Participant: 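Take this structure, written in C-alpha coordinates, and hold onto it; I'll ask about it next.
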Amino acid sequence: MCRGLRAAIGGRVIARVHQRRSGLRQPFPRGFAKRLTGRRVEAIDRRGKYLLIRLDDGVVLIVHLGMSGRMVVGARRNRFDTHDHVVFETADGPDVVFNDPRRFGLMDLVAADRLDRHKLLRGMGPEPLDTAFTPAVLGAALAGRKTAIKAALLDQRIVAGLGNIYVCEALFRAGISPRRRAGTVGPAQAARLVPAIKGVLADAIAAGGSSLKDYVQADGELGYFQHHFAVYDREGKPCPGCRCGGGVKRIVQGGRSTFFCPNRQR
DNA sequence: AACAAGACCTGCATGC
DNA sequence: TGCATGCAGGTCTTGT
(Lines give C-alpha, C1' and ligand atoms only; values in the text may rest on other atoms or scores of the structure.)
Protein backbone atom coordinates (compact mmCIF):
# COMPACT_ATOMS: atom_id res chain seq x y z
CA MET A 1 0.00 0.00 0.00
CA CYS A 2 2.77 2.36 0.97
CA ARG A 3 4.70 1.76 -2.22
CA GLY A 4 1.60 2.06 -4.38
CA LEU A 5 0.62 5.39 -2.87
CA ARG A 6 4.15 6.68 -3.09
CA ALA A 7 4.28 5.96 -6.81
CA ALA A 8 0.86 7.47 -7.44
CA ILE A 9 0.84 10.65 -5.41
CA GLY A 10 4.38 11.20 -4.14
CA GLY A 11 5.37 14.80 -4.94
CA ARG A 12 1.83 15.77 -5.88
CA VAL A 13 -0.25 18.56 -4.44
CA ILE A 14 -3.52 17.77 -2.66
CA ALA A 15 -5.91 20.08 -4.46
CA ARG A 16 -9.13 19.14 -2.71
CA VAL A 17 -10.30 16.89 0.12
CA HIS A 18 -13.80 15.49 0.42
CA GLN A 19 -14.39 14.55 4.04
CA ARG A 20 -17.70 12.71 4.08
CA ARG A 21 -18.14 12.02 7.79
CA SER A 22 -16.86 13.38 11.07
CA GLY A 23 -14.58 10.50 11.90
CA LEU A 24 -13.85 6.81 11.74
CA ARG A 25 -12.64 4.87 14.78
CA GLN A 26 -11.84 8.27 16.19
CA PRO A 27 -12.96 11.75 15.09
CA PHE A 28 -10.93 13.48 12.41
CA PRO A 29 -8.83 16.30 13.89
CA ARG A 30 -10.07 19.88 13.77
CA GLY A 31 -9.83 21.46 10.34
CA PHE A 32 -8.81 18.14 8.80
CA ALA A 33 -9.70 18.78 5.16
CA LYS A 34 -8.56 22.40 5.25
CA ARG A 35 -5.19 21.52 6.75
CA LEU A 36 -4.50 19.07 3.93
CA THR A 37 -5.69 21.24 1.06
CA GLY A 38 -2.87 22.78 -0.96
CA ARG A 39 -0.18 20.66 0.69
CA ARG A 40 2.42 18.77 -1.33
CA VAL A 41 3.11 15.13 -0.47
CA GLU A 42 6.81 15.11 0.35
CA ALA A 43 7.18 11.45 1.26
CA ILE A 44 5.20 8.36 2.16
CA ASP A 45 6.47 5.75 4.53
CA ARG A 46 5.15 3.51 7.25
CA ARG A 47 5.52 2.46 10.87
CA GLY A 48 3.92 -0.87 11.74
CA LYS A 49 0.47 -0.77 10.20
CA TYR A 50 0.35 3.02 10.10
CA LEU A 51 0.86 4.83 6.81
CA LEU A 52 2.76 8.10 7.28
CA ILE A 53 2.06 10.66 4.58
CA ARG A 54 4.51 13.54 5.05
CA LEU A 55 3.43 16.96 3.88
CA ASP A 56 5.41 20.04 2.89
CA ASP A 57 4.40 22.03 5.96
CA GLY A 58 5.95 19.58 8.42
CA VAL A 59 2.68 17.83 9.20
CA VAL A 60 2.24 14.06 8.88
CA LEU A 61 -1.06 12.45 7.90
CA ILE A 62 -1.34 9.17 9.81
CA VAL A 63 -3.62 6.53 8.28
CA HIS A 64 -4.62 3.11 9.60
CA LEU A 65 -6.77 0.82 7.47
CA GLY A 66 -8.26 -1.16 10.34
CA MET A 67 -9.80 -4.42 9.17
CA SER A 68 -11.66 -3.38 6.06
CA GLY A 69 -10.06 -0.12 4.95
CA ARG A 70 -8.58 0.48 1.55
CA MET A 71 -6.86 3.35 -0.19
CA VAL A 72 -7.51 3.13 -3.89
CA VAL A 73 -5.85 5.26 -6.52
CA GLY A 74 -7.91 6.08 -9.54
CA ALA A 75 -9.27 8.61 -11.97
CA ARG A 76 -11.58 11.39 -10.84
CA ARG A 77 -15.05 10.06 -10.13
CA ASN A 78 -18.24 12.02 -10.23
CA ARG A 79 -19.95 10.02 -7.53
CA PHE A 80 -19.08 8.42 -4.23
CA ASP A 81 -19.55 4.77 -3.32
CA THR A 82 -20.96 3.66 -0.01
CA HIS A 83 -18.25 3.86 2.65
CA ASP A 84 -16.06 6.25 0.65
CA HIS A 85 -15.21 8.33 3.69
CA VAL A 86 -12.40 10.55 2.44
CA VAL A 87 -11.42 11.40 -1.12
CA PHE A 88 -8.17 13.20 -1.89
CA GLU A 89 -7.97 14.95 -5.25
CA THR A 90 -4.47 15.76 -6.48
CA ALA A 91 -3.45 18.46 -8.90
CA ASP A 92 -2.57 16.88 -12.26
CA GLY A 93 -2.74 13.43 -10.73
CA PRO A 94 -5.10 10.69 -9.64
CA ASP A 95 -7.60 10.70 -6.80
CA VAL A 96 -7.09 8.59 -3.73
CA VAL A 97 -10.24 7.18 -2.14
CA PHE A 98 -10.30 5.91 1.43
CA ASN A 99 -13.13 3.38 1.68
CA ASP A 100 -13.78 1.45 4.89
CA PRO A 101 -17.07 -0.37 5.51
CA ARG A 102 -16.42 -1.20 9.16
CA ARG A 103 -14.82 2.14 10.00
CA PHE A 104 -12.16 0.56 12.21
CA GLY A 105 -9.57 2.64 10.38
CA LEU A 106 -8.46 6.08 11.45
CA MET A 107 -6.70 9.22 10.28
CA ASP A 108 -4.88 11.82 12.32
CA LEU A 109 -2.54 14.76 11.78
CA VAL A 110 0.61 15.36 13.80
CA ALA A 111 3.67 17.59 13.54
CA ALA A 112 6.59 15.56 12.17
CA ASP A 113 8.83 16.43 15.10
CA ARG A 114 6.26 14.99 17.49
CA LEU A 115 5.58 11.83 15.49
CA ASP A 116 7.59 9.51 17.73
CA ARG A 117 5.69 10.72 20.76
CA HIS A 118 2.28 10.33 19.13
CA LYS A 119 -0.07 8.22 21.20
CA LEU A 120 -0.58 5.73 18.37
CA LEU A 121 3.11 5.17 17.65
CA ARG A 122 4.73 5.55 21.05
CA GLY A 123 5.77 2.24 22.56
CA MET A 124 5.55 0.36 19.28
CA GLY A 125 8.01 -2.51 18.95
CA PRO A 126 10.76 -2.95 16.35
CA GLU A 127 10.08 -3.16 12.63
CA PRO A 128 10.21 -6.87 11.78
CA LEU A 129 12.06 -6.29 8.51
CA ASP A 130 14.79 -4.19 10.13
CA THR A 131 18.15 -5.82 10.64
CA ALA A 132 17.82 -4.67 14.26
CA PHE A 133 15.00 -7.19 14.72
CA THR A 134 17.04 -10.20 15.80
CA PRO A 135 16.34 -13.40 17.72
CA ALA A 136 18.03 -11.87 20.76
CA VAL A 137 15.77 -8.80 20.59
CA LEU A 138 12.62 -10.88 20.19
CA GLY A 139 13.71 -13.29 22.92
CA ALA A 140 14.22 -10.42 25.34
CA ALA A 141 10.80 -8.98 24.54
CA LEU A 142 9.14 -12.35 25.16
CA ALA A 143 11.04 -13.19 28.35
CA GLY A 144 8.85 -13.66 31.39
CA ARG A 145 5.59 -13.39 29.46
CA LYS A 146 3.00 -15.96 30.33
CA THR A 147 0.63 -15.15 27.51
CA ALA A 148 0.52 -17.40 24.45
CA ILE A 149 3.13 -16.68 21.78
CA LYS A 150 0.24 -16.11 19.35
CA ALA A 151 -1.09 -13.23 21.44
CA ALA A 152 2.40 -11.86 22.08
CA LEU A 153 3.18 -11.60 18.36
CA LEU A 154 -0.09 -9.75 17.76
CA ASP A 155 0.95 -7.26 20.46
CA GLN A 156 2.36 -4.30 18.51
CA ARG A 157 4.64 -3.44 21.48
CA ILE A 158 6.56 -6.70 21.00
CA VAL A 159 6.99 -6.38 17.26
CA ALA A 160 5.26 -3.94 14.92
CA GLY A 161 3.00 -4.70 12.01
CA LEU A 162 2.00 -8.34 12.41
CA GLY A 163 -1.67 -9.27 12.15
CA ASN A 164 -3.63 -12.46 12.53
CA ILE A 165 -2.75 -13.98 9.17
CA TYR A 166 0.98 -13.41 9.32
CA VAL A 167 1.30 -14.50 12.94
CA CYS A 168 -0.38 -17.82 12.12
CA GLU A 169 1.80 -18.29 9.07
CA ALA A 170 5.03 -17.32 10.83
CA LEU A 171 4.39 -19.70 13.73
CA PHE A 172 3.76 -22.48 11.24
CA ARG A 173 7.00 -21.79 9.39
CA ALA A 174 8.87 -21.72 12.70
CA GLY A 175 7.26 -24.97 13.91
CA ILE A 176 6.09 -23.34 17.14
CA SER A 177 2.69 -24.00 18.70
CA PRO A 178 0.54 -20.87 18.99
CA ARG A 179 -0.42 -22.05 22.49
CA ARG A 180 3.13 -22.07 23.80
CA ARG A 181 3.74 -19.51 26.52
CA ALA A 182 5.76 -16.63 25.12
CA GLY A 183 8.32 -16.80 27.92
CA THR A 184 9.17 -20.40 27.03
CA VAL A 185 10.28 -19.51 23.52
CA GLY A 186 14.01 -20.05 23.91
CA PRO A 187 16.98 -18.96 21.79
CA ALA A 188 16.71 -21.90 19.41
CA GLN A 189 13.05 -21.18 18.72
CA ALA A 190 13.56 -17.43 18.48
CA ALA A 191 16.27 -18.18 15.94
CA ARG A 192 13.63 -19.91 13.81
CA LEU A 193 10.83 -17.45 14.53
CA VAL A 194 12.59 -14.28 13.44
CA PRO A 195 13.47 -15.51 9.95
CA ALA A 196 9.99 -17.05 9.70
CA ILE A 197 8.42 -13.64 10.38
CA LYS A 198 10.72 -11.86 7.95
CA GLY A 199 10.14 -14.52 5.32
CA VAL A 200 6.35 -14.47 5.56
CA LEU A 201 6.25 -10.69 5.33
CA ALA A 202 8.68 -10.58 2.43
CA ASP A 203 6.71 -13.22 0.54
CA ALA A 204 3.39 -11.49 1.22
CA ILE A 205 4.67 -8.09 0.14
CA ALA A 206 6.10 -9.63 -3.03
CA ALA A 207 2.67 -11.14 -3.71
CA GLY A 208 0.93 -7.81 -3.24
CA GLY A 209 -0.60 -8.72 0.13
CA SER A 210 -3.50 -10.97 1.01
CA SER A 211 -6.94 -10.25 -0.41
CA LEU A 212 -9.72 -11.92 1.58
CA LYS A 213 -12.67 -9.57 1.14
CA ASP A 214 -11.59 -5.98 1.30
CA TYR A 215 -7.89 -5.61 0.86
CA VAL A 216 -6.64 -4.35 -2.48
CA GLN A 217 -3.39 -2.71 -3.41
CA ALA A 218 -3.34 1.01 -4.10
CA ASP A 219 -3.89 0.39 -7.80
CA GLY A 220 -6.99 -1.68 -7.01
CA GLU A 221 -5.31 -4.96 -7.90
CA LEU A 222 -5.91 -7.90 -5.60
CA GLY A 223 -3.00 -9.31 -3.67
CA TYR A 224 -2.50 -13.03 -4.14
CA PHE A 225 -0.66 -14.18 -1.02
CA GLN A 226 -3.92 -15.75 0.18
CA HIS A 227 -3.26 -18.52 -2.33
CA HIS A 228 -0.02 -19.32 -0.49
CA PHE A 229 -1.38 -19.68 3.02
CA ALA A 230 -0.06 -22.80 4.71
CA VAL A 231 -2.55 -22.76 7.57
CA TYR A 232 -4.63 -19.56 7.71
CA ASP A 233 -8.31 -20.25 6.95
CA ARG A 234 -7.42 -23.84 6.04
CA GLU A 235 -9.15 -25.73 8.84
CA GLY A 236 -9.27 -29.46 8.13
CA LYS A 237 -7.04 -29.18 5.08
CA PRO A 238 -3.57 -30.67 4.98
CA CYS A 239 -0.71 -28.31 5.66
CA PRO A 240 2.09 -28.27 3.08
CA GLY A 241 4.30 -31.30 3.25
CA CYS A 242 2.42 -32.84 6.14
CA ARG A 243 1.08 -36.31 5.66
CA CYS A 244 0.09 -36.93 9.24
CA GLY A 245 -3.72 -37.03 9.29
CA GLY A 246 -6.03 -34.49 10.78
CA GLY A 247 -4.77 -31.47 8.92
CA VAL A 248 -4.94 -27.87 10.05
CA LYS A 249 -6.73 -27.13 13.33
CA ARG A 250 -8.63 -23.98 14.28
CA ILE A 251 -8.72 -22.74 17.85
CA VAL A 252 -9.74 -19.42 19.38
CA GLN A 253 -7.21 -17.35 21.31
CA GLY A 254 -8.09 -13.95 22.67
CA GLY A 255 -11.24 -14.03 20.63
CA ARG A 256 -9.36 -14.49 17.35
CA SER A 257 -9.08 -17.58 15.20
CA THR A 258 -5.75 -19.35 15.21
CA PHE A 259 -4.89 -21.90 12.55
CA PHE A 260 -2.04 -24.35 13.05
CA CYS A 261 -0.78 -27.86 12.52
CA PRO A 262 -0.46 -29.68 15.88
CA ASN A 263 1.93 -32.16 14.31
CA ARG A 264 4.39 -29.66 12.94
CA GLN A 265 4.07 -27.02 15.66
CA ARG A 266 5.18 -27.73 19.23
C1' DA B 1 1.30 -5.23 35.81
C1' DA B 2 -0.39 -8.57 32.82
C1' DC B 3 -4.01 -10.69 30.74
C1' DA B 4 -8.83 -11.80 28.92
C1' DA B 5 -13.15 -10.09 27.48
C1' DG B 6 -16.04 -6.68 25.54
C1' DA B 7 -16.82 -2.86 22.44
C1' DC B 8 -16.70 -0.53 18.18
C1' DC B 9 -18.94 -1.34 12.84
C1' DT B 10 -20.75 -3.50 8.34
C1' DG B 11 -21.18 -7.33 5.24
C1' DC B 12 -21.35 -11.96 4.10
C1' DA B 13 -22.15 -17.05 4.50
C1' DT B 14 -24.83 -20.43 6.67
C1' DG B 15 -28.79 -22.66 8.59
C1' DC B 16 -33.56 -22.82 9.96
C1' DT C 1 -38.00 -15.31 1.29
C1' DG C 2 -36.81 -13.70 5.75
C1' DC C 3 -34.50 -13.87 10.00
C1' DA C 4 -30.98 -15.16 13.41
C1' DT C 5 -26.31 -16.39 14.16
C1' DG C 6 -21.46 -16.30 13.70
C1' DC C 7 -17.44 -14.73 11.65
C1' DA C 8 -14.03 -11.34 9.43
C1' DG C 9 -6.49 -8.46 7.61
C1' DG C 10 -7.54 -4.38 14.48
C1' DT C 11 -7.02 -2.13 18.62
C1' DC C 12 -8.93 0.51 22.55
C1' DT C 13 -11.17 0.27 26.94
C1' DT C 14 -12.80 -2.17 30.84
C1' DG C 15 -12.64 -5.58 34.31
C1' DT C 16 -10.33 -9.39 36.78
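Naming: A, B, ... by sequence-line order, numbering from 1 per chain. The structure presented is a predicted model; accordingly, all values stated were derived computationally and were not measured. Because only heavy atoms are used, hydrogens play no part in the values below, and waters and symmetry mates are left out as well, while side chains stay in.
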Participant: Think H83(A) has a side-chain N or O under 4.0 angstrom from the OP1 or OP2 of dG11(B)?
Facilitator: yes

Participant: Students often get this wrong, so: under 4.0 angstrom with heavy atoms, is Y50(A) touching a base, only sugar-phosphate, or nothing?
Facilitator: sugar-phosphate

Participant: Please tell me if Q156(A) has a side-chain N or O lying less than 4.0 Å from either OP1 or OP2 of dG10(C).
Facilitator: no

Participant: Answer yes when E127(A) and R47(A) have at least one side-chain N-carboxylate O distance shorter than 4.0 Å, and no when they do not.
Facilitator: yes

Participant: How does protein contact run along nucleotides 1-8 of chain B, one letter per nucleotide 5' to 3', with B for base contact, S for sugar-phosphate only, - for none, heavy atoms under 4.0 Å?
Facilitator: --SS---B

Participant: Between dG10(C), dG11(B), dA8(C), which nucleotide gets closest to the side-chain atoms of R256(A)?
Facilitator: dG10(C)

Participant: Rounded off to whole Å, could you give me the NE2-to-C1' distance for the H64(A) and dG10(C) pair?
Facilitator: 6 Å

Participant: Using atom CG of D233(A) as one end and atom P of dA8(C) as the other, report the distance to the nearest whole Å.
Facilitator: 8 Å

Participant: For R192(A), does the CZ atom have more than 12 heavy-atom neighbours from other residues, nucleotides or ligands under 6.0 Å away?
Facilitator: yes

Participant: With P as the reference atom in both, quote the distance from dT5(C) to dA7(B) in angstrom, rounded to an integer.
Facilitator: 16 Å

Participant: Could you tell me how far dC9(B) sits from dT14(C) if I compare only their P atoms? Round to whole Å.
Facilitator: 15 Å

Participant: Same cluster or not: F229(A) versus Y224(A), using hydrophobic residues (I, L, V, M, F, W, Y) connected whenever any side-chain heavy atoms lie under 4.5 Å apart?
Facilitator: no

Participant: What base-paired stems does DNA chain C take part in, with at least 3 consecutive Watson-Crick or G-U wobble pairs and both distances under 3.5 Å?
Facilitator: B:2-8 with C:10-16, B:10-16 with C:2-8

Participant: Without decimals, in angstroms, what is the distance between Q253(A) CD and dG10(C) P?
Facilitator: 14 Å

Participant: Just how far, in rounded Å, is P of dT11(C) from CG of L121(A)?
Facilitator: 12 Å

Participant: Using the ring pair (Phe, Tyr, Trp, His ring centres under 6.0 Å) rule, collect all pairs that involve residues 101-156 of chain A, keeping only residues at least two apart or in two chains.
Facilitator: none

Participant: Please say yes or no: joined through hydrophobic side-chain contacts below 4.5 Å, possibly via intermediate residues, are L24(A) and V97(A) part of one cluster?
Facilitator: no

Participant: Looking at dA8(C), I'd like to know if its phosphate oxygens (OP1 or OP2) sit under 4.0 Å from a side-chain N or O belonging to S257(A).
Facilitator: yes

Participant: Measure across L51(A) and L5(A) and return the closest heavy-atom pair with its distance rounded to 0.1 Å.
Facilitator: CD1-CD1, 3.8 Å

